[in-house]
Amino acid sequence: MVFTVDIPELQCNLANWFRREGRSLPWRDTVSPYLVAVSEIMLQQTRVPAVIPYFLRWAEKFPSVQDLAEASEEEVLALWQGLGYYSRARNLHRFAREVCRRFGGQVPSGEGDLLALPGVGDYTAAAVRAFAFDLPAPVIDGNIARVLARLFDCHLPVDSAAGKKFLSDAAMKLQEGEISSRLWNSALMDLGATVCIPGEPACGRCPVREFCKAKHPSTLPKKKAKAEITRISEARGLCFLNGKIWLEKSAGPRWKGLWILPEIEEPPGCEPVVCLEYPITRYKVTMRVFDSLPAPSSEAHDAEAFQNLPMPSPHRRAIALWMSSATKK
DNA sequence: AAGCCGGGGCG
DNA sequence: CGCCCAGGCTT
């Protein structure tokens with residue numbers, strides 16, 4: 001790759017902009033590599049405003065990696081409730097236990113050590129190295145991928161092998177020199193989040209526009225085509241008996257460990273008591289809920305206490321809808 | 001390489 | 001309504 005840009009000047013412009021306009025975020029106030037890792041795992045495919053309250057509650061309840069390692073899975077899932085991608089919560093729990101067992105409670109800074117931990121992939125390993133340890137690393141999230149693709153007018157799909165190699169090489173090249181990795185990557189990320197945004201970027205107030213090669217920035221980055229949305233329908237049984245509700249602990253890969261309404265065969269000739277629609281990854285699911293007897297796999301929960309169980313949002317919403325329709329009757 | 005995993009906000 | 005988000009794991 002040929003760089004015709006003056007890297008020190010680019011670094012200086014962006015760093016000065018960041019000192020002026022950078023975001024203030026809770027996980028930037030901590031020096032704990034563990035809390036940095038917590039924030040990064042929470043931020044996987046999840047927006048900053050959604051994460052902030054969860055991160056603050058987490059830092060309060062599990063301030064150290066030992067606190068998390070000693071917690072029960074129930075406590076962990078309860079605190080994660082509503083954030084989505086629940087395998088992240090179980091991975092973070094295992095992450096804490098392995099950090100304690102293998103590294104004496106100190107989050108490692110080596111790329112290989114980090115990548116071997118549950119829930120840590122290329123992005124998170126790089127982010128922990130940069131933000132917690134201030135070490136050079138190719139931090140490529142959705143924001144930085146977009147900024148770099150535009151800066152170099154790169155039309156390779158950013159989710160292809162070739163695109164990722166290009167971005168990684170570019171990211172490492174741009175942080176050469178004396179610049180702090182933590183500062184540089186924070187600045188690049190904030191530029192993507194607030195100026196070099198998806199769709200039409202605000203090039204008029206971009207601190208590095210004189211370095212940008214993008215001819216049509218709104219068309220970048222390119223991505224591979226993704227799967228179409230499939231419509232599916234599912235029937236679930238709701239059993240409310242003697243002030244208790246019957247719920248099943250999900251065992252499958254989806255919502256594992258969370259309490260759900262058991263799936264049933266759709267009873268012929270019956271109308272659902274509740275019907276709602278929710279999107280999940282590449283599906284649009286129509287959930288039809290029927291009055292039913294207790295499913296064999298389910299357990300009775302007290303009508304007040306079940307509200308505090310970890311439960312996927314659509315199931316929680318279905319029960320709330322049923323309760324509001326029942327009180328009207 | 002492709003499929004799968006939630007939820008929310010915003011245009 | 002579709003798109004996108006501080007991605008990782010499994011197949």
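Quick note on labels: first sequence line is chain A, next is B, and so on, each numbered from 1. Hydrogens, waters and symmetry mates play no part in the numbers below; they use all other heavy atoms, side chains included.
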- Query: Across the strands shown, which category fits A:Trp27 at heavy-atom distances under 4.0 angstrom: base, sugar-phosphate, nothing?
  - Reply: base
- Item | Among C:dG8, B:dG6, B:dC4, the one nearest A:Thr124 by side-chain distance | C:dG8
- Would you mind classifying the nucleic acid contact of A:Tyr86 as base, sugar-phosphate or nothing, using non-hydrogen atoms under 4.0 angstrom? sugar-phosphate
- Measure centre to centre between the rings of A:Trp184 and A:Phe18, then say whether the value is under 6.0 Å. no
- Message: Between A:Glu277 and A:Arg231 (salt bridge meaning N to carboxylate O under 4.0 Å), is one present in this structure?
- Response: yes
- If you measure from the Lys or Arg side-chain nitrogens to the Asp or Glu carboxylate oxygens, is any gap between A:Asp190 and A:Arg23 under 4.0 Å? yes
- What nucleotide, of C:dA6, B:dC4, B:dA1, holds the atom closest to the side chain of A:Ala161? B:dA1
- Do NZ/NE/NH1/NH2 and the carboxylate oxygens of A:Asp169 and A:Lys173 come within less than 4.0 Å? no
- Message: For a quick check, tell me whether the side chain of A:Tyr85 and the base of B:dG6 share a donor-acceptor pair closer than 3.5 Å.
- Response: yes
- Task: Using a 4.0 Å heavy-atom cut-off across all strands, classify A:Leu83 as base, sugar-phosphate, or nothing.
- Result: base
- Query: When we call it a touch if two heavy atoms are under 4.0 Å apart, what does A:Arg23 touch: a base, just sugar-phosphate, or nothing?
  - Reply: base
- Whole-angstrom distance between B:dG6 and C:dC4, as gauged at atom C1': 13 Å
- Task: Answer yes or no: does a side-chain N or O of A:Arg146 lie under 4.0 Å from OP1 or OP2 of C:dC5?
- Result: yes
- Of the nucleotides C:dG8, C:dC1, C:dC5, which one has an atom closest to the side chain of A:Arg231? C:dC1
Under 3.5 Å, which protein N or O atoms sit close to an N or O of nucleotides 8-11 of chain B? Give each pair with its distance.
from  : atom 1 : to      : atom 2 : distance (Å)
B:dG8 : N2     : A:Arg47 : NE     : 2.9

- Sugar-phosphate only, base, or nothing, as touched by A:Val51 at under 4.0 Å among non-hydrogen atoms: nothing
- Task: Using a strict cut-off of less than 4.0 Å between a Lys/Arg side-chain nitrogen and an Asp/Glu carboxylate oxygen, indicate whether A:Arg236 and A:Glu266 qualify as a salt bridge.
- Result: no
- Note on the structure: Of B:dG7, C:dC5, C:dA6, the nucleotide closest to the side chain of A:Asn143 is C:dA6
- Message: At 4.0 Å (heavy atoms only), tell me whether A:Tyr283 reaches a base, stays on the sugar-phosphate, or touches nothing.
- Response: sugar-phosphate
- Would you mind telling me which of B:dG6, C:dC5, C:dG7 lies closest to the side-chain atoms of A:Gln44? C:dG7
- Item | Rounded interatomic separation in angstrom, taking CD from A:Gln45 and P from B:dG6 | 13 Å
- Exercise: identify the closest heavy-atom pair between A:Cys270 and A:Phe290: O-CE2, 3.6 Å
- Message: What is the distance, to the nearest angstrom, from the CG atom on A:Leu92 to the P atom on C:dA6?
- Response: 19 Å
- Task: Give one of base, sugar-phosphate or nothing for A:Leu25, where a contact means two heavy atoms less than 4.0 Å apart.
- Result: base
- Establish, from distance only, whether the side-chain atoms of A:Glu234 and A:Thr286 form a donor-acceptor pair under 3.5 Å. no
- Query: Whole Å only: how far is the CG atom of A:Asp122 from the P atom of C:dG7?
  - Reply: 13 Å
- Can you tell me how far P in C:dA6 sits from the matching atom in B:dG11, rounded to whole Å? 15 Å
- Which nucleotide in B:dC5, C:dG7, C:dA6 has an atom nearest any side-chain atom of A:Arg28: C:dA6
- Query: Taking CG from A:Leu43 and P from B:dG7, how many angstroms apart are they, rounded to a whole number?
  - Reply: 17 Å
- Task: Nearest whole angstrom, please: distance from the P of C:dC3 to the NZ of A:Lys223.
- Result: 11 Å
- Rounding to 0.5 Å, atoms CZ (A:Arg146) and CE (A:Met189) come to a distance of 10.5 Å
- B:dG6 phosphate, OP1 or OP2: any side-chain N/O from A:Lys284 under 4.0 angstrom? no
